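Input: a single structure, listed below in structure tokens.
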Amino acid sequence: MEPFVALMRRYVNDYTNRHDVSVCPEIMEPGYTLRMGPHEVTGRDELYIPASQKQFAQFPGLCLTVHEIVTNGDRLAMRFSEHGRSVKHDGRGAAWTGLGLYRWNGTKLVENFVEQDYLARRRQLASGVPADVEPPALAPWDTVALAPDPEAEAVVRAWVDEAAPGPVTLDDGATDLLLADASSQVDDLFSAGPHVAFRVTRTGTYVGGLGPDAGIDDAALAGAPGTLHLVGLVTVADGRVTGGRIVRDRLGLARSLSRPTVGSAS
């Protein structure tokens, strides 16, 4: 088994799915940093573990299902779903997608750029109608490291600048682009063979698409400047992006809009 993949098996099975934070010192450095949307959580014991315990308390049966893993040996991307029932919502259930870009030092995790589709989770908990959990990866722990491909990375950098989704799935199947006249900053990008993972911060003008699910008034906020963070994992073939998945911080975008909101986007 690839060493990085073996570490992530412990992350998924021993820590997350068992809710056992005592495993964290064995798989994460003390300065472990999680970056999600505009937030940066640095400090395994001081901040990260308490945040995880809060999540486990809200979802006592929380599970993480792995759908895809790619790695080049130094970096690893994992697409997953989390799912469970919320004690804060009378036991209503939800299943939401996530995508993490992990960095390690050869022994333990040091950093993760991640997004989870909390807008979809919020919608499901409000409606009481959970989404189906996507099928698990057949054998995620058998993933073999692939060498980086600079040409595939160049294709994706150019594609990101175009700010067009192309043949990829957004979030839970959303079709809206949310921002117009957008510029993109690549915060992180790496490849494993034809697979390219990236984290982008996009700024532009809000054109709608969040609406009541995010607790905002689309009509009132149309034209407002906004910032959107997203994480993606795509495949490149014949010099173009041929498929993949992007998870966007849609609730974070709602918070970033400069005009007053209707209701709460939290």
Side-chain angles (χ1 to χ4, degrees), residues 16-17 19 34-41 48 50-65 67 78-100 112-134 165 168-179 199-202 204 206-222 224 226-232 245-266:
T16 307
N17 284 339
H19 301 190
L34 180 145
R35 293 181 169 89
M36 177 184 289
H39 306 292
E40 180 176 304
V41 178
Y48 177 80
S52 297
Q53 290 173 318
K54 183 178 180 180
Q55 179 94 320
F56 297 149
Q58 180 178 352
F59 293 90
L62 182 76
C63 292
L64 186 154
T65 295
H67 305 301
M78 182 174 72
R79 182 169 63 84
F80 60 91
S81 290
E82 289 191 347
H83 40 99
R85 295 188 179 277
S86 170
V87 297
K88 293 184 178 180
H89 298 82
D90 299 321
R92 291 180 176 180
W96 61 98
T97 191
L99 179 57
N112 179 21
F113 281 108
V114 64
E115 294 299 340
Q116 296 190 38
D117 190 3
Y118 287 137
L119 182 65
R121 183 179 78 174
R122 174 173 174 159
R123 181 193 307 122
Q124 294 168 48
L125 293 176
S127 69
V129 181
D132 293 332
V133 180
E134 296 180 43
V168 301
T169 299
L170 299 174
D171 311 312
D172 57 347
T175 58
D176 52 87
L177 295 181
L178 301 176
L179 295 176
R199 197 259 196 168
V200 167
T201 299
R202 184 163 289 165
Y206 182 60
V207 294
L210 295 174
D213 286 337
I216 67 172
D217 183 340
D218 270 354
L221 288 167
T227 299
L228 177 66
H229 297 88
L230 58 93
V231 173
R245 192 70 169 262
I246 290 176
V247 181
R248 303 175 296 175
D249 180 22
R250 292 182 286 178
L251 285 183
L253 170 62
R255 297 186 184 99
S256 79
L257 298 174
S258 60
R259 298 179 188 173
T261 62
V262 176
S264 170
S266 62

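Keep in mind the model is a prediction, meaning the values are calculated, not measured. The basis for the numbers below is simple: all heavy atoms, side chains too, and nothing from hydrogens, waters or symmetry mates.
Taking CD of E115 as the reference point, atom CG of L230 lies at 7.5 Å (rounded to 0.5 Å). Distance check: R202 CZ to H229 NE2 gives 12.0 Å after rounding to the nearest 0.5 Å. Summarising the geometry, atom CG belonging to L62 is positioned 7.5 Å from atom NE2 belonging to H83; distances are rounded to the nearest 0.5 Å. Rounded to the nearest 0.5 Å, atoms CG (L210) and CG (D217) are 11.5 Å apart. Annotation: the span from L178 atom CG to D218 atom CG amounts to 9.0 Å, rounded to 0.5 Å.
When all heavy atoms of L125 and A94 are compared, the pair lying nearest together is CD2-CB, 4.0 Å. The minimum heavy-atom distance linking G226 with L257 is given by the pair CA-CD2, 4.0 Å. Between A95 and D132, the shortest heavy-atom contact is CB-O, 4.4 Å. Across every non-hydrogen atom of V247 and D117, the tightest pair is CG1-N, 3.9 Å. Taking both residues in full, the closest heavy atoms of R245 and L99 are given as O-CD2, 4.0 Å, listed atom of the first, atom of the second, then distance. The two residues L221 and I216 come nearest to each other via the heavy atoms CD1-CB, 3.5 Å.
With respect to R248 and D176, a salt bridge is recorded, a charged nitrogen being found less than 4.0 Å from a carboxylate O. Under a 4.0 Å N-O distance rule, the pair R250/D172 qualifies as a salt bridge.
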Fill in: From CA spacing to verdict: side chain to side chain contact (heavy atoms under 4.5 Å, CB included), L253, L179
CA-CA 10 Å; L253 170 62; L179 295 176; 4.0 Å; yes
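R122 places none of its side-chain heavy atoms less than 4.5 Å from the side chain of W96. Between R92 and Q124 the shortest side-chain heavy-atom distance does not fall below 4.5 Å. Looking at D171 and L119, their side chains never come closer than 4.5 Å, going by heavy atoms from C-beta outward. Looking at heavy atoms from C-beta onward, N112 lies out of side-chain contact with Y48 at the 4.5 angstrom threshold. Here the side chains of V231 and V114 are not in contact, with every heavy-atom distance at 4.5 Å or above. Under the 4.5 Å side-chain criterion, counting only non-hydrogen atoms from C-beta, R79 is in contact with E134.
The environment of R85 atom CZ is sparse: at most 12 non-hydrogen atoms of other residues, nucleotides or ligands sit within 6.0 angstrom.
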Validation: residues 53-61 side-chain donor-acceptor distances under 3.5 Å, sequence neighbours left out:
{"residue": "Q55", "atom": "OE1", "partner": "R121", "partner atom": "NH1", "Å": "3.4"}
{"residue": "Q55", "atom": "NE2", "partner": "E82", "partner atom": "OE1", "Å": "3.4"}
{"residue": "Q58", "atom": "NE2", "partner": "S86", "partner atom": "OG", "Å": "3.1"}

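In terms of modelled atom types and a separation under 3.5 Å, the side chain of S256 and the main chain of T227 share a donor-acceptor contact.
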